[in-house]
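Okay, so here's the structure we're looking at.
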Amino acid sequence: MIEYRNVKKSYGGKQIIKGVDLTVEKGEFVVLIGPSGCGKTTTLKMLNRLIEPSEGSIWINGADHREMDLVKLRTSIGYVIQQIGLFPNMTVEENIAVVPRIMKWEKKKTLDRVKELLNMVNMPYNEYGRKYPKQLSGGQQQRIGVLRALAVNPPVILMDEPFGALDPITREILQSEVKKIQRELKITILFVTHDMQEAMKMADRIVFMDQGRVLQQAPPKEMLLHPANETVARFIALQGIGSRTDRITAADLMQQASGLAAGEDSVTVEAEEEVKEICQKYDLSKYRRICVKDSQGLLIGEITVGSLLEHLTEWM
Ligand SMILES: Nc1ncnc2c1ncn2[C@@H]1O[C@H](COP(=O)(O)OP(=O)(O)OP(=O)(O)O)[C@@H](O)[C@H]1O
Ligand SMILES: [Mg+2]
């Protein structure tokens, strides 16, 4: 439903987006990831025309987005900007109601919606509706930023590092909330982060950008297994398979079995070998099973590569 066709952006002769092709299906959760300055925010902002592409085109439901009415375009795309961006002189209620007001919703309908949204994130209207952003914690402010984007049920939402600078627990709660809302309402989300663990958790598909180009797009597990090149591989290795897998060994994960035989579809590792090392040592995309041997070399169990991947994405 959203299609970037060879989109480029230059500033003063310097090309910073170098031809992005990207298709996002309805209801899909797509995460843009990549190092700082690679062009994630610019790619996002070109969709709602906060930035105009220099070349190429963007299509939404079969229409060139430059030919759509700008107000309609903007109100059909919720936007959570990098760094929260609540209006400091407006209450929580007024902040959430910004787009309903632009769309001239009736007062009652708007109020009901504000209450409904606040309930969704356990911030009841009576307690929080009249507060100002500075009276809220950072996590609460980010919740309101997300609610503001949801207010009129837009089919598409752009989220630019919406959970940056949050403590890990609040971050995890908000990630789950957004994922749940997205699934229930089948919203299409384009989400920017530079945190691979967040991408793994949230994405149906990850789009990896570097220096204004898309290097790879793939579902999380596939990117983990088949990074397209060194840059992607290094990014994943550096922050991906993290400290939570320290000291988890093959023996911890294996299913015990007797009468096993190694084959072309398997690698054989020692029971004490750490999972982290196994992932780094072997190209697991080539195998289906990991056979586990004891110190005498006797096969004592196996791990399917599929179940290992399940664990890896859980640990991320
Ligand atoms: N208005 C502008 N004029 C000139 N250069 C710009 C402008 N906006 C962005 N850039 C440059 O374009 C590149 C991409 O910027 P962008 O904000 O899209 O990166 P990003 O991937 O979102 O980075 P971050 O992770 O730090 O938010 C950067 O090198 C930036 O300096
Ligand atoms: Mg950015």
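Indexing begins at 1, ligand by ligand and atom by atom, following the structure's order. What you are looking at is a predicted structure, and each value in this text was computed from that prediction instead of being measured.
When each atom of ligand 1 is checked for a heavy atom of Thr41 under 4.0 Å away, the hits are 17 (O), 18 (O), 20 (P), 22 (O), 27 (O).
Counting heavy-atom neighbours within 6.0 Å of Gln255 CD, excluding the residue itself, gives a total of 12 or less. In the displayed structure, Gln211 atom CD is contacted under 6.0 Å by at most 12 heavy atoms of other residues, nucleotides or ligands. A 6.0 Å sphere centred on CD of Glu264 holds no more than 12 heavy atoms belonging to other residues, nucleotides or ligands.
Protein non-hydrogen atoms do not reach within 4.0 Å of atom 31 (O) of ligand 1.
Closest protein heavy atom to atom 29 (O) of ligand 1: Gly37 O, 3.7 Å. Here the heavy atom of the protein found nearest to atom 27 (O) of ligand 1 is Gln82 NE2, 3.0 Å. The nearest protein atom to atom 5 (N) of ligand 1, hydrogens excluded, is given as Tyr11 CD1, 3.5 Å; this is a heavy-atom distance. Among protein heavy atoms, atom 12 (O) of ligand 1 sits closest to Ile16 CD1, 3.1 Å. The nearest heavy-atom contact from the protein to atom 25 (O) of ligand 1 is Lys40 NZ, 2.8 Å.
In summary, Arg113 and Glu116 engage in a salt bridge, as defined by a charged side-chain N under 4.0 Å from a carboxylate O. Salt-bridge annotation for Arg5 and Glu3: present, with a side-chain N of the basic residue lying under 4.0 Å from a carboxylate O of the acidic one.
Note: the hydrophobic cluster containing Val207 does not contain Met200 (ILVMFWY, side chain heavy atoms under 4.5 Å, direct or indirect links).
Under 4.0 angstrom from ligand 1, the non-hydrogen atoms of Thr42 come from both its backbone and its side chain.
The aromatic rings of Tyr282 and Tyr287 sit perpendicular, their planes meeting at an angle over 60°, well past the 30° parallel limit.
Proximity annotation for atom 26 (O) of ligand 1: of Cys38, Ser36, Pro35, Gly212, Ser36 comes nearest, heavy atoms only.
For Glu161, the closest heavy-atom approach to ligand 1 falls below 4.0 Å.
Residue Thr42 does not count as close to the Mg ion (ligand 2), with no N, O or S atom under 2.8 Å.
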